[in-house]
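These notes are about the structure you will find just below.
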Amino acid sequence: MGHGLTLVVAGIASTVVVGLTLREQIFDSNFLALAEAPGLLAGDHPYRDFFDLYGVLDAYTAAAMQWLVGYRLVGEFARQSVFIVAGFVIATHLALTLSRSVAATASVMTVALIVLAVTPLYHHSKLFFFPLAIWIGWRYLDRPSPWRGAAFGLVAALAFLFRYDYGLYMAFGSVLAYGLARLAHPAARSARSLVTDALAFAAALCVVLAPWAVLVQTGEGLVAFTRARANLYDDSNWTLASAVFSNPLRNLLPPALPRQAGEISFVWRGDVAAAARREWERRLGLRLLERPDTTDGYWRYAAANVHDLALLELAPLVNDVGGVPLDVLQRARRRLPSPEWGRTLLRQAAGLVPIALIAAALVAAWRARRVSAPVHVDVYKMVLAAAFLGVIQQSLFREASYVAVVVPTTAALAARLLAASSVVVRVVAASGLAASGFAAWIWAGEAAVFKPSQYRDNVRSVAGALMASPPWFDDARFAYVRECTRPTDHLFVTGPTPYHAPYYTQRRIAGGHLAWPYGWRSDPDREAQSLALLERQSVPVAISTASPVLGDLKAYPRIQEYIRQHYTAVDGGKGVLLVDSRRRPTGVHAATGYPCFR
């Protein structure tokens, strides 16, 4: 199989995997960029009418897809999927370039495909820009020139606009590529080359970022913008070394479950006869505490041991089990490691790859110098890729699940080790690949991709959800806001991950942002900006996707007081749906009974 055909196969395989996961991808965090789309489409200006948190170009491309396909989820999920598939293909190209082995590439990218089955779509820009930055850096290392320097500057600028923190990674990668190119090519050490390449990079950066900088300066202000986004990221004592040098055998097997009495509840299925129910109660030692008044009500029992594996036999007979740790019992029965163990081992393996590549590069450079031969450009490519990847891992590996964002790139670079000339290196790399493959399967084995019997229903249901207009979400409040407020109104939204609320309601963000529970922009000056927005915007409704609205505003005393004075709860005291008490309702929403303000 040739290089081109391998890339085609990688594109098809990743497209299939991503497509078969879409049913599981319709959740709040995947609406991160889409949350700002209603405002952009209505003419709101970022940094003036709302304060973009992570990356304005991500939001603009999400809005563009909504404009193109209409008010449907298919536009956003197609956009994210294209980024992921393109990034996977680029990573495959990196593997082929570095290893020059289709077999090694296929082996490592198969593991990456398994992990792709459980990778959230909101990581799309990471999965695209990380391998793209390495590839564009390699192109520059192959033949340093102003044009290739400008291409690196263009990619760096676009990456920054998609996610502001990517600017730090791109700055590191570009400086490193610039320096390594001088080591790899003596001709590039001339003053002319040094100056023209740097100017070309800077010019491309300025051409892309100048309009953005003007937009920010005339709105929020560049200094204020920088300070606010820097505060988004908390310092952490976590280090990559803590993952790399951990014991991979820790938590490999499930712990012994202690005997623990407790209360359990569930709904018996309607086809379970009374005699059968009593037999199961006797067999499992369940003592009835409360019998429901209706056939679909909950039965409450006292159990001598909620960790009894025999309780798993109830699964086909009951619904909505409470009080029994079913996932813990299932793991204990299977005697397999937990998905968390799989993620942790993958993180450890991923962290070892940059170290191994740096070591291999140093050995290769030493051997070349020993015989007075030039160091091959592939050695510098390994250094660039390994260092760039290591910096990203140090920043993102605070959570084991974040290993998913670098698995395709890490796997691609590991192909070099799998195709090494040393038998010892190949054996060690193959052992690590086998362990990583097992860990990936433990993590992703229950994903829909690996359940062919569900493919037909999966495709049918996800097609309906993606094409529906307006999109449907299992929260009656969203339909209420969309149907009982005006299209020109704003919606005040709180909650830990409330990104889906503006999209499903098709209303613009009120107050400038959604990060209220985290105290973002809570200093007096920025709180005053958000309060001024609230006072001049039309905001008939405030909702929270989790805890009460007022509880999420503790860091904003003036905004909290403004909401307390002018809004009242209409959800029976729960405090997660408030309406403006200064407005006169125009009617009542038939489905919920809440007041309308059309």
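We number each residue from 1, following the sequence as shown. Computation of the quantities below employed the complete heavy-atom set of this structure, encompassing side-chain atoms and omitting hydrogens, waters and symmetry-equivalent molecules. Bear in mind that the values here come from a model prediction, so they are computed numbers and not experimental data.
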Gap between atom [atom2] of [Y] and atom [atom1] of [X] - 0.5 Å precision:
X	Y	atom1	atom2	result
Thr497	Asn30	OG1	CG	10.5 Å
Met109	Leu116	CE	CG	9.0 Å
Leu32	Leu53	CG	CG	8.0 Å
Ile90	Thr97	CD1	OG1	11.5 Å
Leu194	Thr196	CG	OG1	8.0 Å

If we ignore hydrogens and angles and just use 3.5 Å, is the side chain of [X] paired with the main-chain N or O of [Y] as donor and acceptor?
X	Y	result
Arg347	Phe397	yes
Gln80	His124	no
Arg72	Val69	yes
Tyr164	Val56	yes
Glu76	Phe31	no
Ser99	Arg416	no
Ser461	Asn458	yes
Arg426	Ala420	yes
Ser469	Tyr71	yes
Ser193	Ser190	no

Shortest non-hydrogen contact from [X] toward [Y]:
X	Y	result
Ser14	Val85	OG-CG1, 3.5 Å
Ser436	Leu346	O-CD2, 3.5 Å
Pro146	Ala200	O-CB, 3.1 Å
Pro471	Tyr504	CB-CE2, 3.6 Å
Ala204	Ala150	CB-O, 3.2 Å
Leu176	Val383	CD2-O, 4.3 Å

Determine whether [X] and [Y] make a side-chain contact, defined as any pair of heavy atoms from C-beta on separated by less than 4.5 Å.
X	Y	answer
Trp366	Leu362	no
Asp28	Pro498	no
Tyr140	Ser145	no
His3	His93	yes
Tyr499	Tyr122	no
Leu396	Lys126	yes
Leu433	Ser107	yes
Val321	Leu314	no

Criterion side-chain contact (heavy atoms from CB on, under 4.5 Å) on Val18 and Leu121, from CA distance to verdict: CA-CA 9 Å; Val18 172; Leu121 291 183; 4.1 Å; yes
So [X] and [Y], would you call those rings parallel, tilted or perpendicular, with 30° and 60° as cut-offs?
X	Y	result
Phe83	Phe129	tilted
Phe450	Trp441	perpendicular
Phe388	Phe130	perpendicular

For Leu127, the option from Thr409, Leu132, Thr119 that meets side chain to side chain contact (heavy atoms under 4.5 Å, CB included): Thr119
Qualifying residue for side chain to side chain contact (heavy atoms under 4.5 Å, CB included) with Thr410, from Val115, Val353, Val108: Val353
Centroid-centroid under 6.0 Å between Trp212 and Phe160 rings: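 Aromatic pair counts; centres sit under 6.0 Å.
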Aromatic centroids of Phe27 and His500 separated by under 6.0 Å: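 No: the rings miss the under 6.0 Å criterion.
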Check [Y] with [X], please: is the shortest side-chain N to carboxylate O separation under 4.0 Å?
X	Y	answer
Arg79	Asp58	yes
Asp457	Lys451	no
Arg139	Asp142	no

side-chain contact (heavy atoms from CB on, under 4.5 Å) between Leu94 and Leu98, intermediate numbers included: CA-CA 6 Å; Leu94 298 181; Leu98 202 56; over 6 Å; no
Polar side chain donor-acceptor pair, Ser395 to Tyr169, under 3.5 angstrom: yes
Distance-only side-chain donor-acceptor flag, Ser125 / Tyr166, under 3.5 Å: yes
Derivation of the side-chain contact (heavy atoms from CB on, under 4.5 Å) call for Asp165 and Tyr54: CA-CA 8 Å; Asp165 53 327; Tyr54 297 110; 5.9 Å; no
Test side-chain hydrogen bond (donor to acceptor under 3.5 Å, both in side chains) applied to Tyr503 and Gln66, step by step: CA-CA 10 Å; Tyr503 177 72; Gln66 290 301 297; 2.9 Å; yes
Steps toward side-chain contact (heavy atoms from CB on, under 4.5 Å) verdict (Val17, Phe88): CA-CA 11 Å; Val17 170; Phe88 193 90; over 6 Å; no
Pi-cation contact, Tyr178 with Arg182 (under 6.0 Å, within 45°): yes
Within 45° cone and under 6.0 Å: Arg343 NZ/CZ vs Trp341 ring: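 Pair Arg343/Trp341 does not count as cation-pi.
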Enclosure of Arg189 CZ (heavy-atom neighbours >12, cutoff 6.0 Å): yes
